[in-house]
Amino acid sequence: MTERQPQQPAGGLRTVYADLHIHIGRTEKGAPVKITGSRDLTFYNIAKEASERKGIELIGIIDCHSPAVQDEIEAYLESGDMTLQQGGGIRYKNTTVILGSEIEVKDPGCNEAHVLVYMPTLDAMKQFTSWMSRHMANVGLSTQRIRVPARVLQEEAVHRGGLFVPAHVFTPHKGIYGSVSERMEALLDLDGIAAVELGLSADTEMAGHISELDRYTFVTNSDAHSLAKIGREYNELQLAAPSFEELALALARQHGRRVAANYGLNPRLGKYHRSYCASCEEIVDESGTAAERCPYCGSLKLVRGVMDRIMHIADRTEPLVPGYRPPYRYQVPLEFIPGLGNRTLEKLLSRFGTEMSILHEASYEELAAAAGDKVARYIVLAREGQLETDVGGGGRYGRVRQLS
């Protein structure tokens with residue numbers, strides 16, 4: 001296996017790949033955490049997958065508020081299989097786990113929205129769990145409704161040293177912009193937001209239509225419900241070390257720490273990119289408008305897609321991308337590559353070590369030698385943002401078009 005070292009930015013910082021939104025499906029004893037998550041998604045398995053196969057050095061597990069999960073973390077710390085990371089986080093081999101929680105808020109007169117909270121230490125997360133348990137029906141499960149106003153939750157998180165990040169903000173299912181309000185300030189204190197998660201169907205330019213977002217660092221995360229989905233969207237950070245403290249500096253763009261690039265699906269591949277008719281099950285095509293009726297059957301049962309929602313609430317006709325904003329690179333996950341099955345993926349991993357090495361570092365010639373010319377062409381074209389795609393919507397992902 002070829003050893004590949006990450007690039008070393010100037011100033012003592014280095015490149016760290018980060019995916020900050022991974023769910024736990026079950027505890028190791030089989031107790032449910034995220035009902036819709038895979039049973040293989042345990043705390044340990046996520047850390048192992050990120051370290052050994054994905055090549056992701058900073059991973060945010062956002063169900064660490066569950067007391068049963070906390071018991072598992074303590075057991076791994078006591079056994080020495082995991083260690084406390086200086087600066088915050090839990091270290092397993094080549095990966096630091098950032099302890100997080102996804103929580104559902106619902107203010108009076110509003111729809112539901114999801115937010116992410118990251119805590120610096122296990123003790124801080126335990127104390128946060130204790131507070132949430134007084135306002136939540138079942139604190140052991142993922143993404144549960146909390147019975148306090150969104151601003152109260154935000155104040156608690158920030159007061160305890162946490163990072164508060166609105167989740168998948170544009171999606172029609174429980175994104176703040178997508179289903180709650182035209183502006184975040186209606187729900188949250190804008191000064192208490194550490195970053196904004198774009199979600200799978202939006203990119204930087206699309207978000208640039210909303211001036212309220214100009215001040216924030218964007219993150220792109222997988223929201224993985226299975227091990228395979230880890231790293232389908234991720235971030236390239238410049239940090240001195242993979243830790244909570246360094247992540248906080250990067251989100252705040254302080255002392256040279258920063259998000260250097262967002263890697264995400266081309267929004268056309270996102271399953272909520274375009275509006276969808278629940279009656280005739282058609283996706284509104286590129287020439288469609290943000291009308292209230294389906295252009296195909298006339299039904300009013302439209303689920304407004306991310307692009308159409310952004311155009312509806314935009315306060316700019318042209319997007320503005322601030323000078324500090326890093327590039328948003330369209331990264332097609334390996335599972336989307338036609339002809340790249342499990343056997344071929346194992347060949348590539350055997351040769352290059354991790355998925356990050358395959359996606360970012362392996363040359364066309366190296367890829368072709370391991371997986372054949374066509375797969376190599378797909379990967380290199382995806383790396384360059386040149387793959388053609390069919391649009392997604394209505395809960396269905398888009399597709400990469402076959403090469404001729």
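This chain uses plain numbering: 1 for the first residue, then up along the sequence.
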- prompt: Does atom NZ of Lys48 have more than 12 heavy-atom neighbours, drawn from other residues, nucleotides or ligands, at distances under 6.0 Å?
  reply: no

message: Tell me every residue that passes side-chain hydrogen bond (donor to acceptor under 3.5 Å, both in side chains) with Asp214, counting only those two or more places apart in sequence or in another chain.
response: Arg316

- prompt: According to the interplanar angle, ranging from 0 to 90°, do the rings of His135 and Trp131 count as parallel (below 30°), tilted (30 to 60°) or perpendicular (above 60°)?
  reply: tilted

- request: Name all residues meeting the salt bridge (Lys or Arg N to Asp or Glu O under 4.0 Å) criterion together with Lys126; count only those two or more places apart in sequence or in a different chain, and write none if there are none.
  value: Glu74

message: Just to verify, what does Tyr263 make a side-chain hydrogen bond (donor to acceptor under 3.5 Å, both in side chains) with, not counting sequence neighbours?
response: Glu236

message: Are Tyr92 and Tyr44 an aromatic pair, judged by ring center distance below 6.0 Å?
response: yes

message: How about CG on Asn138, more than 12 heavy atoms from neighbouring residues, nucleotides or ligands closer than 6.0 Å, or not?
response: yes

Set of residues satisfying salt bridge (Lys or Arg N to Asp or Glu O under 4.0 Å) with respect to Glu197, sequence neighbours excluded: none

query: Of all residues at least two apart in sequence or in a different chain, which pass the side chain to side chain contact (heavy atoms under 4.5 Å, CB included) check with Thr317?
result: none

- line: With sequence neighbours left out, the residues meeting salt bridge (Lys or Arg N to Asp or Glu O under 4.0 Å) with Arg91 are Glu57

query: What pairs of residues pass the salt bridge (charged side-chain N to carboxylate O under 4.0 Å, His left out) test when at least one of them lies in residues 331-343, not counting sequence neighbours?
result: Lys229-Glu335

query: Would you call Glu104-Arg145 a salt bridge at under 4.0 Å N-O?
result: yes

message: Between His209 and Phe170, is the ring centroid distance below 6.0 Å?
response: no

field: Pairs flagged by side-chain hydrogen bond (donor to acceptor under 3.5 Å, both in side chains) wherever residues 240-249 is involved - sequence neighbours left out
entry: Glu246-Arg257

Just distance, no hydrogens or angles: give the donor-acceptor pairs under 3.5 Å from side chains in residues 185-194, sequence neighbours left out.
{"residue": "Asp189", "atom": "OD1", "partner": "Asp191", "partner atom": "N", "Å": "3.0"}
{"residue": "Asp191", "atom": "OD1", "partner": "Arg215", "partner atom": "NH2", "Å": "2.6"}

task: Kindly write out the residues that satisfy side-chain hydrogen bond (donor to acceptor under 3.5 Å, both in side chains) with Arg53, not counting sequence neighbours, or none if the list is empty.
output: Glu49, Glu346

- prompt: Are Lys54 and Glu355 within salt-bridge range, i.e. N to O under 4.0 Å?
  reply: yes

- request: Could you list all the salt bridge (charged side-chain N to carboxylate O under 4.0 Å, His left out) pairs where at least one residue sits in residues 151-167, not counting sequence neighbours?
  value: Glu156-Arg160

Donor-acceptor contacts under 3.5 Å from residues 31-39 side chains, at least two apart:
{"residue": "Lys34", "atom": "NZ", "partner": "Thr143", "partner atom": "OG1", "Å": "3.2"}
{"residue": "Ser38", "atom": "OG", "partner": "Asp40", "partner atom": "N", "Å": "3.1"}

